[in-house]
Each structure stands twice: as structure tokens, then as C-alpha cells.
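To start, the structure itself, in C-alpha cells.
Numbering of ligands and ligand atoms starts at 1, following listing order.
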Amino acid sequence: MKETERIGSLKGIGEKTEKLFQKVGVETVGDILRYYPRAFEIFEEPVPVGNVEEGKINTVAGKVFGRIQVSGNTKMQVTTLYLKDLTGTLKVIWFRMPFLRNTLGKGGMLILRGRVIRKKDTLVMEHPEVYYPAAKYEEKLHTMQPVYPLTAGLTNNAVIKAVRQALDCVNPNTDILPEGLEEKYHFMSYEGAVLNIHFPEDKEHFAAARERFVFEEFLVFILSLRQMKGTQNRAKNGFHFSDQPKISGFLKALPYQLTDAQMKVWGEIRADMQGEHVMSRLVQGDVGSGKTVIAFLALLLAGLNGYQGALMAPTEVLARQHYENISGMLETYGLPLKAELLTGSMTPAQKRGAYERIQSGEASVIIGTHALIQEKAVYRELALVVTDEQHRFGVRQREALAGKGAMPHILVMSATPIPRTLAIILYGDLDISVIDEMPKNRLPIKNCVVDTGYREKAYAFMEKQVAQGRQCYVICPMVEESESLEAENVMDYSQTLQEEMGNGVCVGCLHGKMKQQEKDEIMDAFGRNEIQILVSTTVVEVGIDVPNATVIMIENAERFGLAQLHQLRGRVGRGKHQSYCIFMSASKSEETKERLDILNRSNDGFFIAGEDLRLRGPGDLFGIRQSGILDFKVADVFQDAKVLKNASEEASEILKEDPELAQPCHAGLKRYIDSKIQEIMLETTL
Ligand code: ADP
Ligand code: MG
């Protein structure tokens with residue numbers, strides 16, 4: 001069988017499963033070989049029940065103690081059993097698996113493998129895998145089993161089976177790495193790498209296999225960017241922006257002075273907008289460095305010159321926040337422009353009204369989520385597009401926005417702390433500005449790393465802050481297995497916390513499964529201080545600005561990447577009050593302590609990203625997923641910085657020799673690059 005054959009030609013893959021594979025981007029047998037695991041399960045020896053570690057996946061062996069109970073309603077039946085060995089008993093629960101009562105009720109040893117969490121002071125193993133009889137575990141012991149990214153209906157086992165078959169058709173000719181590079185960088189052979197990235201013999205083999213594909217992924221990405229750039233000369237600036245006295249007036253009237261860094265970046269943007277070509281600029285600035293006001297200035301320049309400007313946000317919550325912030329500023333400072341909001345949850349009538357005002361030009365500052373701004377709106381004269389917390393902006397998108405008019409200027413704002421040298425490679429098509437200075441009036445956030453025994457004290461502390469009029473965030477533990485369990489978890493947590501806090505405090509909760517309107521209502525209520533404590537999943541991460549919030553407590557902090565923790569922490573310390581960040585960690589390991597201690601010591605995103613990298617070192621298999629950072633399949637911009645540089649150099653060499661990638665030896669590579677270019681041009685968020 002060939003790698004180019006349809007995935008459906010593998011044994012055991014019917015039409016339905018083929019559709020599911022297509023949904024995750026796997027069309028051919030070759031595709032599935034490049035459908036990499038997102039993690040591995042490492043099957044360790046069972047530990048004594050008395051030694052389970054909170055917050056971690058544990059494997060335990062024992063016998064059922066007492067009766068197995070099924071409770072809850074028909075929608076959510078909970079099965080509970082107690083597992084006993086010589087060292088103690090452990091409570092175990094499953095959701096929606098009532099049949100376990102019969103299967104496990106027959107006696108004998110069983111082995112359970114799952115995460116142990118603390119619920120109301122008891123350790124509970126949640127929704128573990130069952131090995132019964134216990135001997136079933138033996139074949140898995142000490143192996144590394146791949147865990148693939150899935151979609152509803154597609155099981156991990158189905159992917160494993162397909163990959164196993166596909167591995168039989170690996171053909172050395174389908175290797176796309178140009179000749180000579182394997183020897184130069186001592187990469188693992190192609191066939192060895194394909195095998196070991198899916199079913200590694202051990203961690204070392206995996207790391208070696210991974211390195212080869214990381215290089216490949218970077219190489220394809222960089223070559224794609226350069227190819228795109230080669231074909232795309234910057235369009236001429238079709239607009240005329242004259243300096244506006246109202247902007248200087250606004251800057252004078254602001255209650256604060258722009259930092260030198262903000263002034264410098266604003267100068268660069270203004271020069272771009274008044275220059276010969278359209279702007280393509282990335283503004284990098286740590287959380288809280290004040291990017292919004294910079295975007296506002298650019299939008300003002302467009303609006304006051306009689307053009308329109310759009311600001312796109314990745315979520316509705318953020319879009320609405322920007323809208324309120326910006327229309328507030330327009331009003332407060334007497335600026336004669338009209339802002340317009342455009343989000344998916346607006347009623348058809350509201351949307352129609354907004355589209356009309358946009359088309360007629362009555363609205364000149366348009367704020368919304370990507371889809372609506374890009375696809376649905378017709379502009380009178382759009383001169384500027386700002387994207388907040390987004391990383392790339394495709395050529396196609398820019399063209400679509402321009403419609404029949406001139407190409408708009410593009411400003412991309414990001415809080416991702418990528419060192420400048422890497423940013424130049426990754427954003428090859430953009431100019432880069434950095435806001436490398438924080439507003440001066442800030443009180444540094446006070447941090448502490450504590451264990452779960454401190455929770456009561458943390459609650460008491462929050463209560464005190466609330467009594468002083470402040471607000472708090474609690475970030476709930478993640479439930480990796482499923483979003484609906486996560487939602488439940490957040491609701492449980494907020495209920496418990498509400499009981500703890502009593503009636504004087506309103507505890508709200510926010511999670512990804514909520515309807516948009518519900519999310520907005522909760523965020524609005526939090527913004528107005530009708531909710532004092534917001535219990536949330538990481539959905540609050542990007543850009544939310546409630547300056548009155550002074551405490552953020554992060555449960556299971558050990559499970560987050562440092563950069564992500566830093567983003568979360570950036571939700572506080574935005575106003576004039578002293579702010580606090582409490583990292584709650586269930587792990588007692590030294591390594592975790594050292595990692596979290598970096599956050600304790602520093603508030604500097606660049607420093608943190610660097611230290612995170614240094615500590616994780618080469619032993620880390622996947623890197624910790626840093627949300628919001630350029631999403632590669634296997635590569636990690638931080639961890640693989642060196643490979644990125646190598647790939648960049650090799651890309652230059654390749655293009656020097658074969659600028660069009662027309663030589664037969666580059667044919668395989670070229671095919672990947674072409675489809676990558678398609679992807680980059682089409683994508684809205686990475
Ligand atoms: P981010 O860069 O994370 O998007 P924001 O633009 O949301 O940060 O700014 C965070 C807060 O800092 C806002 O409340 C904003 O009004 C305020 N701010 C921005 N620039 C300054 C400054 N130069 N001095 C004082 N406060 C500022
Ligand atoms: Mg922001």
C-alpha cells in the first residue's frame with residue numbers, strides 16, 4: 001500500500017471513521033504517519049494505596065472494599081467504590097459507567113489507573129481506567145503508549161490501530177528532508193524516526209525521533225513564509241493620514257503619561273501609516289504593558305482622517321471589553337467618532353444595524369470577533385486592521401478585508417514573550433515593535449507558592465480583600481480528559497466556595513462550555529463588581545482587564561506552563577491597589593517548587609520564558625503546552641529555539657541554491673510547503 005492512498009483503505013476503517021479522520025486533517029495513509037501523539041502514557045508499577053500522590057496519575061492495585069454504589073440522576077450517574085490494599089483504602093468514582101457495579105462486583109484483584117484529586121478533604125481517584133482481572137495490566141507495564149489528539153467519536157485505539165498499519169507502508173522516498181541534513185545534524189533515520197515518534201522504545205528514542213520532525217516542521221514553516229514573502233511585494237499605501245491635533249489633546253488629557261516604550265512604538269506605527277507602503281507590524285509587549293491604548297491611537301488616526309479602523313479580538317468577552325473601553329474613551333475625551341461592536345451573540349437585528357452603520361461609514365471604529373469583522377462586514381473605507389492577542393494575519397485575510405478598496409494597514413498585538421531573534425524568524429513577514437517597559441505607577445504583584453494545606457488561609461485572605469472592596473479570581477484545576485467534566489468541576493468548586501464565603505460574597509463561575517451570552521453576563525457582572533469572586537477555567541486568560549481585581553489564586557499551578565501562569569497572573573496588578581497571586585500546588589516535588597519559584601522571583605515575561613526553558617531542559621518530551629503561543633505540531637518555539645535557528649539557516653541555504661524549489665530533489669518538500677502556505681493564508685488564529 002502507498003502512503004498516498006486514502007485512510008479508508010486501511011483495514012477496519014469504514015466510512016464513518018474515515019470522516020472522523022478527515023475532521024482532524026488526516027486524509028491519506030501518509031497523513032496519519034504525521035499525526036503525532038500529543039503525549040505518552042507511561043505505565044508504571046502500581047503504588048500502595050497509602051502512597052498515592054494528589055494531583056497526579058496513579059496506578060493502584062487492590063480489592064473492592066464493601067459495596068459498589070451507583071448514585072446521581074440518569075444523566076450523570078456516579079459509580080463509587082472503595083479500593084483496599086494493606087496500606088489503606090481509596091475512594092474511586094466514575095461518571096456515566098453504572099455497569100461497573102456488576103463487572104467489578106465479582107471480587108478478585110483489580111488495577112486502577114487515574115488521577116487522584118482532593119475533594120472536600122478526601123483523596124479521590126477520578127474516572128480511572130480499569131484493568132480487571134489485574135493480569136491485564138502486565139502487558140502494558142513499562143511501555144509508552146501514544147495518546148493522540150482526538151475528536152468526538154474517534155478513539156485513541158482507533159488511531160493506534162491505523163498508525164500501526166500505516167507504519168507497514170513507510171516508504172523512504174516520502175522523506176522530505178533534503179539530502180545531507182540527516183548526516184550533518186546526526187538525525188535519526190527517517191524510518192526509525194517515524195516508528196519512534198509513535199511507538200518509542202524509550203524516552204531517548206522518542207527525543208531523537210522528535211528532533212528530526214521538529215526540524216522538518218520548522219523548515220517547512222520558514223520556507224513557506226519566505227516563499228510567501230517573495231511573491232508578495234508590500235502594497236503601496238493608498239491612504240493619507242495627517243497628524244491630528246485631537247490626538248495630542250487626548251494624550252495630554254489622559255490621566256497617565258505614556259511610557260517611553262509606548263511613545264517609541266506609537267511613533268513607529270505613525271511613521272508606517274504615513275509611509276510609502278502599507279504597514280505590517282507586530283507589537284510585542286508583556287501583559288499589562290499597555291498595548292490597548294496604542295491600538296486606540298492608531299484607530300484614532302484612521303478615524304479622524306475620515307477612514308475606518310477595525311479591532312479584532314479572539315473572544316467575544318475581549319471584544320466587548322475593548323468596545324466598552326474604547327467607546328468610554330471616545331466619550332470621555334470628546335472625540336467625534338462612533339464605535340461599533342460586532343459579535344456573534346448579537347441578535348440579527350442588532351447585527352443588521354451594525355452592518356448598516358459600517359457600510360454607510362457612520363461607524364468608524366469597529367470592534368469585534370474575527371469572523372464577523374473579516375467575512376461579513378462591508379466597509380466604506382477600511383484603512384487599518386488591528387488584531388489583539390493574535391499571531392498571524394494571512395495575506396488572503398488582508399485581501400478579503402480590502403474588498404475593492406486599497407489594502408489596509410495591519411497591526412498585530414501579542415503578549416507572547418518570544419526573544420527578538422526568534423520573532424524575526426517566526427514573523428518573517430512583519431516588522432516588529434517591542435514595548436519593553438511597564439507603566440511606572442504599578443505596585444509589583446506579591447506572589448506566593450503554597451501547598452493545598454494553605455487553602456483555608458487563602459480563602460480567608462480573599463474574604464478580607466473582598467471586604468475592602470476588591471475582587472478575586474480563582475483558576476480551577478484543569479480536567480484534561482474532557483471539557484464537560486471540567487465544567488462540572490468548576491461548578492462544584494464555586495458552589496463549595498460560595499458555601500464557605502457565606503451570603504455576603506457573590507461567587508460566580510465561568511467555563512468554556514457556557515453559552516456566549518452567559519459568559520458575557522458573568523464577565524459584565526464581574527466588571528461591575530456584582531460578582532466578587534470569579535471561579536474560572538483558563539478562559540479568562542487572554543486580555544481581561546478588571547483593574548479592581550487584586551487576587552488571583554491558581555489551583556494546581558504545577559500543571560501549567562510558566563508562560564501561561566504568567567499570563568494568568570497578568571489579570572491582577574492592573575490598578576492602583578496592591579495585588580497578590582497565590583500559586584496553589586499539590587505537588588511536593590523539588591522540581592515543581594523550583595519552577596514555580598521563578599514566578600515568585602520575577603514579573604518579567606521574557607525572563608520567565610527563558611528560565612522555564614532552562615529548567616525543563618532536554619528531558620522534557622513535549623514541552624508544556626503554552627497556550628497562545630504559535631502552535632506547531634511537535635515543535636516548541638522555546639524548547640526548540642536552537643533547532644529553529646538551524647532550520648532558518650538551512651532554509652537560506654536551500655533558497656540560495658534553488659529559489660523556486662523547482663529541483664526534483666525538493667519536490668516532496670515543495671508539496672508540503674504549498675499546503676502549508678495555503679494553511680497560513682487561510683488561518684485566522686494559530
Ligand atoms: P495589555 O498590554 O496587557 O493589553 P492593557 O492595554 O490592557 O495591557 O493595559 C493595562 C492597564 O494599564 C489598563 O488599565 C491601562 O489603562 C493602563 N495603562 C496603559 N498604559 C499606561 C501608562 N503609560 N501608565 C499607567 N497606566 C497605563
Ligand atoms: Mg491586551
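Aromatic rings of H409 and F241 (six-membered ring for Trp) have centroids within the 6.0 Å cut-off, being under it.
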Under the side chain to side chain contact (heavy atoms under 4.5 Å, CB included) criterion, do I554 and F560 qualify, and how do the steps go? CA-CA 10 Å; I554 303 168; F560 293 92; 3.8 Å; yes
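When each atom of ligand 1 is checked for a heavy atom of T259 under 4.0 Å away, the hits are 23 (N). Interface of Q262 with ligand 1, defined as ligand atoms under 4.0 Å from a residue heavy atom, comprises 19 (C), 20 (N), 22 (C), 23 (N). Atoms of ligand 1 lying under 4.0 Å from at least one heavy atom of T292, given by number and element, are 4 (O), 5 (P), 6 (O), 7 (O).
Proximity of L258 to ligand 1, defined as any heavy-atom pair under 4.0 Å, is confined to the backbone N, CA, C and O atoms. If you look at Q257 next to ligand 1, the close heavy atoms, those under 4.0 Å, all belong to the backbone.
Among the atoms of V293, none of the N or O lies under 3.5 angstrom from an N or O of ligand 1. Polar contact with ligand 1: absent for P547 (N/O pair, distance under 3.5 Å).
For the pair K264 and D260, the salt-bridge criterion is not met [side-chain N within less than 4.0 Å of a carboxylate O]. Ion pairing of E521 with K519 is absent here, as no side-chain N (NZ or NE/NH1/NH2) approaches a carboxylate O to less than 4.0 Å. Taking the charged nitrogens against the carboxylate oxygens, D388 and K291 have no contact shorter than 4.0 Å, which rules out a salt bridge. E555 has a carboxylate O that lies under 4.0 Å from a charged side-chain N of R455, or vice versa, which qualifies the two as a salt bridge.
Counting only non-hydrogen atoms, the option in S414, G285, A295, P439 that gets closest to atom 25 (C) of ligand 1 is P439.
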